[in-house]
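Predicted model only: the values in this text are computed from it and were never measured.
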Amino acid sequence: MSRASRSAALSVLALAAALAVPAAGPAPARAVPHHAGDEAAVLGDDHARAHARLRQAAKGTQGYPQSKRTAGLAALEKSQREANTRFDAARFGRFAQFFPSPDFGVHVALLPTGKVLLFSFERVEADPTKETGPTNTVGRTNAGRAWLWDPARGTGARAFKNVPPPVVLMPDGTYSPRPAPFFCAGHSYLPNGMVGVFGGNVGGKGGSGAKLSFVFDPWTEKWFRNRDMAVGRWYPSVVTAADGRQIIMSGQSERGTGTPTPVVERFPALGHRVPWRPYDIPAGVPAERLRADAPFRNDYPHLFSLRDGMIYGLGRDADQQWLFDPVRDVRSDLPRRPADFRGYGSAVPLPAGFRGPDSVLVLGGDPRDPHTYRLSGGRWTTEEPRAFGRTQDGTLILPDGTLLTVNGALDTRDYGHGPFNPKADLKYRQIEMRDAQGHWRLGPAQRLPRGYHSNALILPDGRMMVTGDELQQIANDPDIKDGMDGSIELYEPAYLHRGARPALDRVPAGDLRYDAPFQVSSSTAKDVKRAVLLAPTTVTHSVNTSQRHLELRLTGVRGDRIGLRTPPGAADAPPGHYMLFLLDAKGVPSTAKWIKLGPRWSAPQAVPGRVRQGVSGGSGSDSP
């Protein structure tokens, strides 16, 4: 940590009596007043920004005082406690911990190191009845920020590390250097565990698309910039295909809101390696434009790579449901979805045994429609409804194959009492669970209502992490001046309250081929009935393209050794890192260990519409 950073942190501690900046990095930027240049010349940029952050926090308390935030959080804690007394943890699970975070968590990603990447924006407003983020801002206050949370270090400030994005010059007329404004971008995983992040906000009225392209490296915990995309993207979607390359679609263009781009791009471009090893760091690598277009009228479509190797693009408009063949580079039509327009709601590739998913469940996005809709075999069916309709929800696949919905609202920024009103209907705080037969039931309530920009993911220990919704977080901040203006809540699913857990002691350290045998060791091997792979989650705006659940084939148990077989091919499970869980007869999972699928030397056998085995290196490229 630099001397200037330490000085800035100490200044915040002294002035705010709180941990504004963990010891891992420089103080994040806040809105800097016009006289900050003089202050920076005297104190240094980091120190000046720390002072500006305190001034901005004080300004936010004028219209929305700390007493109101404190009372709001206390009321939510009380109503949660009262509502959850009727839910038995062994049947419904329980919300166990709630703690501050230095980031809003607009974007989250579970990394193969077990840490969680959170990134968003530097707030320009601390009054939750106003827009918090710099969507319309032009200049250096339109900036991004990023942090790592290490669950192994607990829930205090020391468990977080600042990992700021690279400083960039944006084409906004000011060319002011600032941490890259990559919020409301799209992202997915590369085979080596890195997270590719594409797009962001240039600013202006309603925001406009940035051409930014980055990867976050979980091994060095640093960001690397790649060549700009062909077009700007504000609210794009990204999915990892069976060959390990990332397909990028949609997003508002550099011309501003109301100009969605139909251009489809692929990263890395053919002719460049698919990053496979931890030290294969893409830096300065280009994407490439594909021939097929994706003229989605609305942003953040749901994208899924299913077992046939195709990319399913499920738009928010009922008539924009498409199938993309990444091998032949063509697009074809899927049937119209039965439901009308869907706002920000979730979609999940349903578990399908030891093969990859071949169907998708679309749910949420319409507060008037509680039904769920399944696309399977080229046709839509209406499935069992949830208790009520909600938008901004997130639905996760648990290790036991069941589904869990968390978060939600009536509409963007509206929890039932009008937009930008922190009051919320209690029902939107209740989780909802879907069992193996497809039946739903309501469960306990989370602490904060979380709607727009809310997120959730499953941790390797089987717990669910919930975060996001900057307005609700600052409206219920226990100390708006301390720099910890986000929050995280942890939920323990019911399976963690059903007795002892199976043990998973060792897994292979090397890369695992497809359709190949391997062994793991467990001191409770005789109790193990199932072994599953769960892909890590990276999610934003209710769009989660990375989820995947596969049952591994058990080939025998001998002593403490359990024989297993990997998924059949890369279309079933795209190359990369997966969490391996062992489960007993009651569905109780072990703590997961990470394995990596798809050896880099495996030769591809690609035919139109299907990547059968291994990892495609692409035409003219080295095999990844």
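- Asp217 places no side-chain N or O within 3.5 Å of a backbone atom of Glu221 that could act as its donor or acceptor partner.
- Annotation for Arg450 and Ser487: closest pair NH2-OG, 2.9 Å, computed over non-hydrogen atoms.
- Taking CH2 of Trp234 as the reference point, atom OG of Ser253 lies at 13.0 Å (rounded to 0.5 Å).
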Discussion item. Would Thr405 and Thr395 count as a side chain to side chain donor-acceptor pair (under 3.5 Å) here? Give the steps.
Written reply: CA-CA 4 Å; Thr405 292; Thr395 301; 2.8 Å; yes
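- Of the possible donor and acceptor atoms, one in the side chain of His549 sits under 3.5 Å from a partner among the backbone N and O of Pro399.
- Between Phe183 and Phe121, the ring planes are perpendicular. Angles over 60° get that label, and only those under 30° would be called parallel.
- Between Tyr312 and Phe304, the distance separating the two ring centers is not shorter than 6.0 angstrom.
- To the nearest 0.5 Å, atoms CD1 (Ile248) and CZ (Phe198) are separated by 4.0 Å.
- Counting heavy atoms from C-beta outward, Ile431 and Tyr491 have side chains that approach closer than 4.5 Å.
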Discussion item. Ser359 vs Ser376, test: side chain to side chain donor-acceptor pair (under 3.5 Å). Steps then yes/no.
Written reply: CA-CA 5 Å; Ser359 68; Ser376 178; 4.7 Å; no
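- The distance from atom OH of Tyr415 to atom CG of Leu448, rounded to the nearest 0.5 Å, is 9.0 Å.
- Using a cut-off of 4.0 Å between Lys/Arg side-chain N and Asp/Glu carboxylate O, Arg297 and Asp319 are scored as salt-bridged.
- No donor-acceptor pair closer than 3.5 Å links the side chain of Gln446 to the backbone N or O of Gln430.
- Here the side chains of Val197 and Phe216 are not in contact, with every heavy-atom distance at 4.5 Å or above.
- Atoms CG and CD1, from Asn455 and Ile488 in turn, are 11.0 Å apart once rounded to the nearest 0.5 Å.
- Around the CZ atom of Arg255, the shell of radius 6.0 Å holds no more than 12 heavy atoms that belong to other residues, nucleotides or ligands.
- The shortest side-chain heavy-atom distance between Met433 and Leu398 does not fall under the 4.5 Å cut-off.
- A heavy-atom distance below 4.5 Å is found between the side chains of Asp317 and Asn298.
- Counting heavy atoms from C-beta on, the side chains of Met229 and Phe267 never come closer than 4.5 Å.
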Item to complete: For Asp393 and Tyr428, run side-chain contact (heavy atoms from CB on, under 4.5 Å): C-alpha distance rounded to whole Å, both residues' side-chain angles, the deciding distance at 0.1 Å, then the answer.
Response: CA-CA 9 Å; Asp393 55 301; Tyr428 295 121; over 6 Å; no
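- With hydrogens and angles disregarded, a donor-acceptor distance shorter than 3.5 Å links the side chain of Ser546 to the backbone of Pro536.
- In this structure, Pro282 and Met194 have side chains that are in contact, with non-hydrogen atoms separated by less than 4.5 Å.
- When each of Asn407, Asp411, Thr412 is paired with Tyr452, the side-chain contact (heavy atoms from CB on, under 4.5 Å) condition holds for Thr412 and for no other.
- A donor-acceptor pair is defined here as one N or O able to donate and one able to accept, closer than 3.5 Å; such a pair exists between the side chain of Gln252 and the backbone of Gly258.
- Side-chain contact between Met465 and Leu118 is present, with heavy atoms from C-beta onward closer than 4.5 Å.
- Ring planes of His453 and His541: perpendicular class, angle over 60° (limits at 30 and 60°).
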Fill in: Worked verdict on Thr257 versus Lys205 for side-chain contact (heavy atoms from CB on, under 4.5 Å)
CA-CA 8 Å; Thr257 296; Lys205 188 174 181 180; over 6 Å; no
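- The stretch residues 454-474 participates, sequence neighbours left out, in these salt bridge (Lys or Arg N to Asp or Glu O under 4.0 Å) pairs: Arg413-Glu470, Asp461-Arg463.
- With salt bridges taken as basic N to acidic carboxylate O contacts below 4.0 Å, one links Arg145 and Asp485.
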Discussion item. Between Val348 and Gln547, does the side-chain contact (heavy atoms from CB on, under 4.5 Å) criterion hold? Intermediate values first, please.
Written reply: CA-CA 7 Å; Val348 179; Gln547 287 199 90; 4.1 Å; yes
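- A salt bridge is defined here as a Lys NZ or Arg NE, NH1 or NH2 lying under 4.0 Å from an Asp or Glu carboxylate O, and Arg266 with Asp243 fails to meet this definition.
- Within the 3.5 Å criterion, the main-chain N or O of Ala409 finds no donor-acceptor partner in the side chain of Gln392.
- When atom types are taken as modelled, the side chain of Glu254 and the backbone of Gly232 share a donor-acceptor pair closer than 3.5 angstrom.
- Remark: side-chain polar atoms of Arg233 are not paired, donor with acceptor, to backbone N or O of Ala185 under 3.5 angstrom.
- Between Phe296 and Phe324, the angle of the ring planes lies from 30° to 60°, which puts this pair in the tilted group.
- To the nearest 0.5 Å, atom OH of residue Tyr189 and atom CG of residue Leu110 are 5.5 Å apart.
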Worksheet item: After noting the C-alpha distance and the side-chain angles of Leu375 and Val362, does the key distance pass the side-chain contact (heavy atoms from CB on, under 4.5 Å) rule?
Response: CA-CA 8 Å; Leu375 176 65; Val362 175; over 6 Å; no
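- Note that OG1 of Thr129 and CG of Asn421 are 9.0 Å apart. Values are rounded to the nearest 0.5 Å.
- When atom types are taken as modelled, the side chain of Trp223 and the backbone of Val163 share a donor-acceptor pair closer than 3.5 angstrom.
- Between the side chains of Arg447 and Gln80, a donor-acceptor pair is found at a separation under 3.5 Å.
- Relative orientation of the Phe99 and Trp149 rings is tilted, given thresholds of 30° and 60° on the angle between their planes.
- By the 4.0 Å N-to-carboxylate-O rule, Arg178 lies too far from Glu122 to be salt-bridged with it.
- No hydrogens or angles considered: a donor-acceptor pair under 3.5 Å links the side chains of Ser188 and Gln246.
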Practice prompt. Could you walk me through whether His187 and Phe119 pass ring-ring contact (aromatic ring centres under 6.0 Å, His included), step by step?
Written response: CA-CA 12 Å; His187 32 88; Phe119 61 100; 5.5 Å; yes
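- When the shell of 6.0 Å around CZ of Arg331 is examined, it contains more than 12 heavy atoms from other residues, nucleotides or ligands.
- Without hydrogens or angle criteria, His107 side chain to Thr538 main chain gives no donor-acceptor distance under 3.5 Å.
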